[in-house]
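One structure below.
In this text, all values refer to a predicted model and were calculated from it rather than measured experimentally.
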Amino acid sequence: MTDDKPTPAANEARSLNFIEQIVEEDIRSGKHKARVHTRFPPEPNGYLHIGHAKAFCLDFGIAEKYGGLCNLRFDDTNPITEDTSYVDSIRKDIHWMGFDWGNREYYASDYFDQLYDLAVQLIKKGKAFVCQLTADEVNASRGTDFEPDKPSPYRDRPVEENLQLFERMKNGEFPNDSMTLRAKIDLSSPNMHMRDPILYRIRHAHHHRTGDKWCIYPMYDWAHGQSDSIEGITHSLCTLEFVPHRPLYEWFIRELEIFPSRQIEFARLNLSYTIMSKRKLLQLVKEEHVKGWDDPRMPTIHGLRRRGYTPESIRQFADMVGIAKRENVIDVALLEYCIREDLNKRAPRVMGVLNPVKLIIDNYPEGKTEYLDTVNNPEDPEAGTRSLPFSRELWIEREDFMEDPPKKFFRLSPGNEVRLKSAYIVKAESVEKDADGIITAIHCTYDPQSLSGSDEAKRKVKGTLHWVSAAHALDAEVRLYDRLFNDPDPDGHKGHNFKEFLNPDSLTILNHCKVEPSLGEASELDHFQFIRLGCFNLDPDSSVGHLVFNRTVGLKDTWAKMKQ
RNA sequence: UGUCCUGUGGUGUAACUGGCAACACGUCUGACUCUGGAUCAGAAGAGUCCAGGUUCGAGCCCUGGCAGGACAACCA
């Protein structure tokens, strides 16, 4: 066994995304002494969503894979939109996802002093100046693609004067927006970011961490790259919209002669039938199209958690979508696949009836209750068994009975037999209806010899139904969710607002569901598989005596597919 | 119009860096099943945006097009 060609499997295990390839090359060449250090830099001005999850799974994942570190760094350079409450939620979300940053929780605001000093350094080099143009005037001075910007009249202010003015800016001697510090680079650059970008602006605003110490705040380009350098970040991973910023990122490194972090960009996640813009998600919350950031229909981490998604399923998803530079739209079906697969292995099976109709077993003794054993999870022998109360009157799913069934209907219909899961085989005999012709009860008979597990129970019947004993059932509210938008790309239609595509049926509330009594002991957010129906979890809205379940995702339903 | 990024089955990602395109989701069969779930077996589906070129040989290299996206905030 010397010259085996690599098997496809081995090959695949070796296949790396383009960022891993870069990292491995750097390690091989001994760059930064083969050290790998990444960071996840959220701005604390909103909640994290699944797109961020893709990003921080990458940041933390790369560090983990190559024995490096990943910092959490809040990019808090804009006090008027940022808030400490967001810091808490972001921290919580990342922890919940299973990542840890040790004591390396940093803030761009931690570096305001150093950033200020670096700015002074840049001024001294003659590479930055204090500009007194108003925002409108700056915009008016902007050129076009082929026409350079008009130089600011303050562009050639002497270094000494710049130094003094910048210090006075810092000292709060000037009102908001009256001055900026701008880099002096290249007014005719085809890259607009190089046309004397603004580094600092004046904002007399209270900052959630630095309080009132500062009234000048650095812009993204100035703060982000330098923060990377200060932390010794080797690979600074960000999304594609920052590609044009990279020349500026590198210009600062060169001019300041600071640690050369490398910025690498990848394509952000897009999910079909949803939106990912923080601003637009905020709009959905504010305009009450959803009930909050943690509404189970939201693509936020908060929303997914409440919906019943597990950290493992989301990490699996992040892994499966891959990393590349081309625009992409991931099918939500992949996300659903990930949670089904995870919960299939872990979620205990229980019985719950969403749209109940009474099933009366005419030949079963009145007042009798049997306790029948049933397995908690066929995928997990360790999960054990529990007992279920069974009696003469049961609830079954209204959909599971048809008076006049089509040929492939494997459920209950007059004269036909069906297995009640973990119980007996029953045969439908007759129905009761109300004045409107709606079935109010189904009468059946059971075969006492057919109890699950008994020798006589080997008889095959075409279908198996879930059920709940009427006398023992608990009432429950069940919330069914459908996609929030009924268009695959709600934000992608020119001339149409994304809200036009909101799905009016994204939430269906069922109020009179019946669930097995064991569910009375469920805890908040516990996961279950309601047999034959889907994955559900207990919503925090539940209270003693009022159970509320969310449907995380339905089971694959080939019958539903056949009906179409 | 300028600069930059990107074009591989329906979707996403690969192709050990020149050797006739693989994996996953989705779709469709069939088997099995006390969940029409799961599991198992299998199938269909791209000749890699287009046109030239280099080469024995190109998705990978070169040239020229075309298409999509990003940028032009005192946001990040």
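One interatomic measurement links the two molecules: CD of A:E24 to C1' of B:U17, which rounds to 14 Å at whole-angstrom precision. Counting to the nearest Å, the P atom of B:A38 and the CG atom of A:D342 are 15 Å from each other. To the nearest angstrom, C1' of B:G12 lies 13 Å from CG of A:L335. A:F18 places its CZ atom 17 Å from the C1' atom of B:A15, with the value rounded to the nearest Å. One atom, CD of A:Q263, and another, P of B:C4, lie 17 Å apart when rounded to the nearest Å. Between the CG atom of A:L412 and the P atom of B:U35 there is a distance of 17 Å, given to the nearest Å. We find that CG of A:D400 is positioned 14 Å from C1' of B:G37, with the value rounded to whole Å. With rounding to whole Å, A:N328 atom CG is found 11 Å from B:U8 atom P.
The NZ atom of A:K170 lies 10.5 Å from the OH atom of A:Y200; values are rounded to the nearest 0.5 Å. Atoms CG and OG1, from A:D342 and A:T310 in turn, are 3.5 Å apart once rounded to the nearest 0.5 Å.
Residue contacts shown for A:G534 are absent, as no nucleic acid heavy atom lies under 4.0 Å away. Base engagement by A:F146 is indicated by at least one non-hydrogen atom pair under 4.0 Å involving a base atom. At a threshold of 4.0 angstrom between heavy atoms, the contacts of A:I323 are confined to the sugar-phosphate backbone, with no base atom among them. A:K421 comes within 4.0 angstrom of a base, heavy atoms only. Among the heavy atoms of the strands, none lies under 4.0 Å from A:V461. Counting any heavy atom pair closer than 4.0 Å across all strands shown, A:L334 reaches sugar-phosphate atoms only and no base atom. No contact: A:R195 has no heavy atom under 4.0 Å from any strand. Within the 4.0 angstrom heavy-atom criterion, only backbone atoms of the sugar-phosphate kind lie near A:K561; the bases stay farther away. As judged by a 4.0 angstrom heavy-atom cut-off over every strand, A:F74 is placed among residues making no nucleic acid contact.
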Next on the checklist: Show me the dot-bracket string of RNA chain B, counting Watson-Crick or G-U pairs under 3.5 Å, with | for pairs to another strand and [ ] for crossing ones.
Outcome noted: .((((((..((((.....[..)))).(((((.......))))).....(((((..]....))))))))))).....
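Distances were taken from every side-chain heavy atom of A:M562 (C-beta onward) to each of B:A38, B:U35, B:G36; the shortest belongs to B:G36. Of all nucleotides listed (B:G12, B:C25, B:G36), B:G36 comes nearest to the side chain of A:K408. For A:R326, counting side-chain heavy atoms from C-beta on, the closest listed nucleotide (B:U6, B:C25, B:G36) is B:U6. Across B:U33, B:A14, B:G36, the shortest atom-to-atom separation from the side chain of A:K460 is found for B:U33. Which of B:G36, B:C25, B:U17 sits closest to the side chain of A:R532 comes down to B:G36. Of all nucleotides listed (B:U11, B:G36, B:G37), B:G37 comes nearest to the side chain of A:P378. In the set B:U27, B:G36, B:C5, the nucleotide with an atom closest to the side chain of A:D557 is B:G36. Of the candidate nucleotides B:A14, B:G37, B:A24, B:G37 has the atom nearest to the side chain of A:R349.
Listed by first then second residue, pairs satisfying side-chain hydrogen bond (donor to acceptor under 3.5 Å, both in side chains) with a partner in residues 265-274 of chain A read A:E241-A:R268, A:R246-A:E265, A:Q263-A:E265, not counting sequence neighbours.
Annotation: B:A41 and B:C23 have their P atoms spaced 14 Å apart (nearest Å). Nucleotides B:C40 and B:U33 place their C1' atoms 11 Å apart, quoted to the nearest Å. Comparing the same atom, P, in B:C50 and in B:C60 gives a spacing of 10 Å after rounding to whole Å. Using atom C1' as the reference point in both B:G45 and B:U11, the two lie 13 Å apart (nearest Å). Distance noted for atom P between B:G26 and B:U39: 10 Å (whole Å). Taking atom P in both B:A51 and B:C32, the straight-line distance is 49 Å, to the nearest Å. Comparing B:G12 with B:U48, their C1' atoms are spaced 15 Å from each other, to the whole Å. With P as the reference atom, B:A46 and B:G65 are 31 Å apart, rounded to whole Å.
When the side-chain nitrogen and oxygen atoms of A:Q21 are compared with OP1 and OP2 of B:A14, none of them lie within a distance under 4.0 Å. Close to B:G7, at under 4.0 Å from its OP1 or OP2, lies no side-chain N or O of A:K325. OP1 or OP2 of B:G37 lies within a sub-4.0 Å distance of a side-chain N or O belonging to A:T558.
Comparing A:R246 and A:V321, the nucleotide of RNA chain B nearest to each residue sits closer to the 5' end for A:R246.
Taking the charged nitrogens against the carboxylate oxygens, A:D373 and A:R386 have no contact shorter than 4.0 Å, which rules out a salt bridge. Under 4.0 Å is where a charged nitrogen must lie from a carboxylate oxygen, and between A:E397 and A:R411 no such pair does. The pair A:D177-A:R203 counts as a salt bridge, with a side-chain nitrogen and a carboxylate oxygen less than 4.0 angstrom apart. With salt bridges taken as basic N to acidic carboxylate O contacts below 4.0 Å, none links A:R532 and A:D557. The pair A:R346-A:D380 does not count as a salt bridge, with every side-chain nitrogen at least 4.0 angstrom from each carboxylate oxygen. Remark: A:K280 engages A:D491 in a salt bridge, criterion side-chain N to carboxylate O under 4.0 Å.
Cation-pi geometry between A:R209 and A:Y107 is satisfied (NZ or CZ under 6.0 Å from the ring centre, within 45° of the ring normal).
Note: A:F166 and A:Y116 have parallel aromatic rings, judged against thresholds of 30 and 60 degrees for the angle between ring planes.
For B:U6, the base is anti relative to its sugar; the glycosidic angle deviates from 0 by more than 90°. Nucleotide B:G47 is shown with a syn base, its glycosidic torsion being within 90° of 0.
Residues A:Y86 and A:F74 place their aromatic rings such that the two centres sit no closer than 6.0 Å.
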Checklist entry - What string of B, S and - do you get for nucleotides 69-76 of chain B, 5' to 3', when a contact is any protein heavy atom under 4.0 Å? => result SSSB-BSB
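Aromatic stacking of A:W559 on B:G36: satisfied, with centres closer than 5.5 Å and planes within an angle under 30 degrees.
Residue-to-nucleotide contacts include a donor-acceptor pair under 3.5 Å from the side chain of A:Q529 to the base of B:U35.
Checking side-chain atoms of A:R142 against main-chain N and O of A:R195 turns up a donor-acceptor pair under 3.5 Å. Looking at A:N17, its side chain does come within 3.5 Å of a backbone N or O of A:E20 through a donor-acceptor pair.
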